[in-house]
2 protein chains.
Amino acid sequence: MLNWDDLKFFLAVSRAGSVRAAAEELKVNHATVSRRINSFENSLGQRLFERTSQGYVRTRLGDEIFNEAAYLEERLSNVERRIMGNDEQLSGEIRVTMPDLVAEELLLEGCALFCQQYPQVELDIVDSIKLLNLANREADVAFRIVKEPPEYLIGRKLAVLHRACYMAKKNLPLLKKEGWLEQQNWIGWTDKQRRPIGKIAKEYPRFSSKHKIANSKLQAIATRNGMGIGILPCFVGDRDPELVRIPPYTSEEKYDLWILSHPDLRKNAKIQTFVRFMTEYVHGNKGLLEGQEFIEP
Amino acid sequence: MLNWDDLKFFLAVSRAGSVRAAAEELKVNHATVSRRINSFENSLGQRLFERTSQGYVRTRLGDEIFNEAAYLEERLSNVERRIMGNDEQLSGEIRVTMPDLVAEELLLEGCALFCQQYPQVELDIVDSIKLLNLANREADVAFRIVKEPPEYLIGRKLAVLHRACYMAKKNLPLLKKEGWLEQQNWIGWTDKQRRPIGKIAKEYPRFSSKHKIANSKLQAIATRNGMGIGILPCFVGDRDPELVRIPPYTSEEKYDLWILSHPDLRKNAKIQTFVRFMTEYVHGNKGLLEGQEFIEP
DNA sequence: AACATGTGTTGCAAATACGCACCACTCATT
DNA sequence: AATGAGTGGTGCGTATTTGCAACACATGTT
């Protein structure tokens with residue numbers, strides 16, 4: 001039986017005049033187009049195109065089919081419109097979940113831009129520490145900070161999150177005092193993690209730990225107020241005008257930021273548009289996330 | 001972008017009312033239909049069918065699409081007809097090659113039926129011992145008697161060919177004479193094979209070999225005329241009214257009959273129709289080929 | 001003449017779709 | 001109840017399809 005999709009390829013090549021141009025239009029690799037046209041012709045036992053050095057030109061049979069196929073495509077776009085929602089515009093709801101810190105500092109801005117561009121789409125944003133279950137479809141899209149995402153989800157790594165050590169900017173004059181920095185303390189997270197780990201923490205072996213604040217946002221505020229040295233994500237610290245890194249100003253990569261969705265939604269136009277949009281948005285702010293926007297004093 | 005082929009599945013399920021029935025119509029596994037419908041709905045973000053215990057029932061959206069899709073299918077048949085029509089005129093020819101013996105005894109009858117049902121197809125039948133090259137399109141379809149076909153071709157095993165030992169029916173009365181059978185001789189093929197090989201030959205260790213006839217058809221005639229005991233394919237011997245098997249009437253499997261074509265033609269409708277037709281035809285005569293139609297006297 | 005840019009094809013590894021064999025469930029018949 | 005014939009769903013091994021990258025060839029430019 002005829003493969004309907006083959007006609008789509010036939011039309012694209014017909015109009016574009018070459019395999020490569022058609023491939024771009026169809027957003028697939030040009031080798032795929034080449035092979036599918038060849039396979040289509042084989043299945044018919046007929047040639048639809050003459051191969052010239054400039055590209056593909058329809059044969060007589062190709063011409064005959066072209067008109068019918070073009071008409072079909074036209075009608076098909078009606079179906080598509082009817083399915084995709086009555087407008088060309090995307091509409092409906094997208095449920096998104098994201099960690100509160102990145103949400104506040106960065107992602108919400110991106111979401112706002114998205115809503116501006118697609119006003120019909122309604123975002124249901126859940127800023128939750130708890131990992132919502134994408135498998136159960138509690139959310140359509142998730143931003144997560146992990147090293148490796150679960151393998152049953154699909155998505156991309158958006159950025160490598162860096163962190164660095166910060167102090168309150170208002171204490172900057174004290175830094176010149178000999179021995180002052182050495183007497184400072186970390187701001188602790190929990191009992192177990194009173195001593196920060198990672199290579200960056202080893203730069204300051206003599207720091208002690210004081211306080212316990214198990215929340216990133218509050219850690220930032222505490223640091224801002226001079227309660228100690230905070231290890232904060234660069235996208236928080238570098239952007240905060242009241243914070244400065246301490247010497248030697250280096251940052252350390254810790255986790256990765258991923259955007260994830262369920263494989264079933266891989267072909268869903270609305271979801272994928274959102275994913276692409278946010279991916280691009282975050283890439284635009286990659287420097288901040290990866291701690292490259294800090295300028296040494 | 002919409003996958004046009006998904007509509008084909010949508011239509012089939014729509015009409016058949018269940019995944020399994022649609023699968024049969026589409027000649028694919030029902031799991032495939034199930035998964036494609038689910039994936040289609042996921043890509044739309046909307047349901048096209050309600051799942052009931054009796055099967056799939058269209059939703060309101062499904063109804064809307066159904067009309068458009070049904071119309072598209074109708075128009076699509078124009079394309080198909082046009083291609084087929086063109087196919088008839090330009091290359092409405094299938095080149096088939098087959099061994100002469102099976103051709104005469106069985107396959108040609110099937111070909112005749114095929115031509116009757118598809119009068120627009122012209123068969124170019126080459127009954128040749130020499131193996132034509134399917135890769136060079138010297139033939140589109142080949143019937144071959146082998147144990148294992150070359151792996152660069154695709155096809156199916158049609159039957160296991162059996163052979164048995166025959167004598168002229170007119171000599172049947174002599175069989176009652178004590179010791180007559182033991183004095184008979186094989187009809188030889190070539191020098192090297194003057195003594196037949198295989199387990200069936202061992203049943204008659206005392207037979208000598210006489211004559212040399214290197215052609216199956218002529219061997220049959222020779223046997224018919226009482227020149228000796230012939231080892232013949234069952235589809236020749238069992239069907240010949242002038243031949244009978246000798247005791248203990250057993251048959252032995254020797255080669256397999258295959259129908260083969262080039263992978264490039266895997267999707268060629270004409271070829272595949274022919275292959276399917278002939279496969280079915282030969283299956284209908286399987287008993288004869290496999291020597292099960294002989295009734296012991 | 002060398003080069004860049006256009007064309008389509010092909011080998012190979014990875015992604016994807018498929019068929020098979022099973023399962024769970026519903027419903028009608030025994 | 002027990003059975004059988006429907007329904008759809010799922011895990012797994014395999015077959016097909018795809019993308020990538022490297023080609024080979026033609027054409028126009030430097």
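Labels below follow one simple rule: chain letters A, B, ... track the order of the sequence lines, proteins then strands, and each chain is numbered from 1.
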Out of C:dT9, C:dC18, D:dG9, minimum distance to the side chain of B:Thr32 belongs to C:dC18
Nearest-Å distance, CZ (B:Phe40) to C1' (C:dA17)?
17 Å
For C:dG8, does OP1 or OP2 lie under 4.0 Å from any side-chain N or O of A:Arg35?
no
Assess whether atom CD of B:Glu290 is packed by more than 12 heavy atoms of other residues, nucleotides or ligands within 6.0 Å.
yes
Whole angstrom value for the distance that separates P of D:dT17 from CG of B:Asn3:
13 Å
A:Arg20 side-chain N/O to C:dT5 phosphate OP1/OP2 under 4.0 Å:
no
Spacing of A:Ile37 atom CD1 relative to D:dT17 atom P, expressed in whole Å
14 Å
Measuring to OP1 and OP2 of D:dG9, would you say a side-chain N or O of B:Tyr56 lies under 4.0 angstrom away?
yes
Report yes if a side-chain nitrogen or oxygen of B:Ser34 is closer than 4.0 Å to either non-bridging phosphate oxygen (OP1 or OP2) of D:dG9; otherwise report no.
yes
Atom-to-atom span, CG of A:Asp264 to P of C:dT16 - whole angstrom:
13 Å
Closest to side chain of A:Arg36, choosing from D:dT18, D:dG19, D:dG9
D:dT18
Sorted by position of nearest nucleotide on DNA chain D, 5' first, the leading residue of B:His30 and A:Phe9 is B:His30
Presence of A:Arg266 side-chain N/O under 4.0 Å of C:dT16 phosphate oxygens OP1/OP2:
yes
What is the distance, rounded to the nearest whole Å, between atom CZ of B:Arg47 and atom P of D:dG8?
13 Å
Would you kindly give the CG-to-C1' distance between A:Asn38 and D:dT18, to the nearest whole Å?
15 Å
From NZ of B:Lys27 over to P of C:dG19, roughly how many Å is that when rounded to an integer?
13 Å
Check this one for me: any side-chain N or O of A:Lys267 less than 4.0 Å away from OP1 or OP2 of C:dT16?
no
Could you tell me whether the side chain of A:Arg95 and the main chain of A:Glu93 form a donor-acceptor pair under 3.5 Å?
no
Heavy-atom count around A:Lys147 NZ within 6.0 Å, excluding the residue itself: above 12?
yes
Can B:Tyr118 and B:Phe114 be said to form a ring pair (Phe, Tyr, Trp, His ring centres under 6.0 Å), step by step?
CA-CA 6 Å; B:Tyr118 300 93; B:Phe114 179 82; 4.8 Å; yes
The answer to which of A:Val33 and A:Gln54 contacts DNA chain D further toward the 5' end, by nearest nucleotide, is A:Val33
Among B:Arg58, B:Glu41, B:Arg60, side-chain contact (heavy atoms from CB on, under 4.5 Å) partner for B:Arg47:
B:Glu41
Nearest-Å distance for atom pair CZ/P, residues B:Arg51 and C:dC25:
18 Å
Salt bridge or not for B:Arg75 and A:Glu74, using N-O below 4.0 Å?
no
Looking only at side-chain N and O atoms, does A:Asn29 come under 4.0 Å of OP1 or OP2 in D:dT18?
no
Between D:dG8, D:dG9, C:dC27, which one does the side chain of B:Ser53 approach most closely?
C:dC27
State which of C:dG19, C:dT10, D:dG8 makes the closest approach to the side chain of A:Ala31.
C:dT10
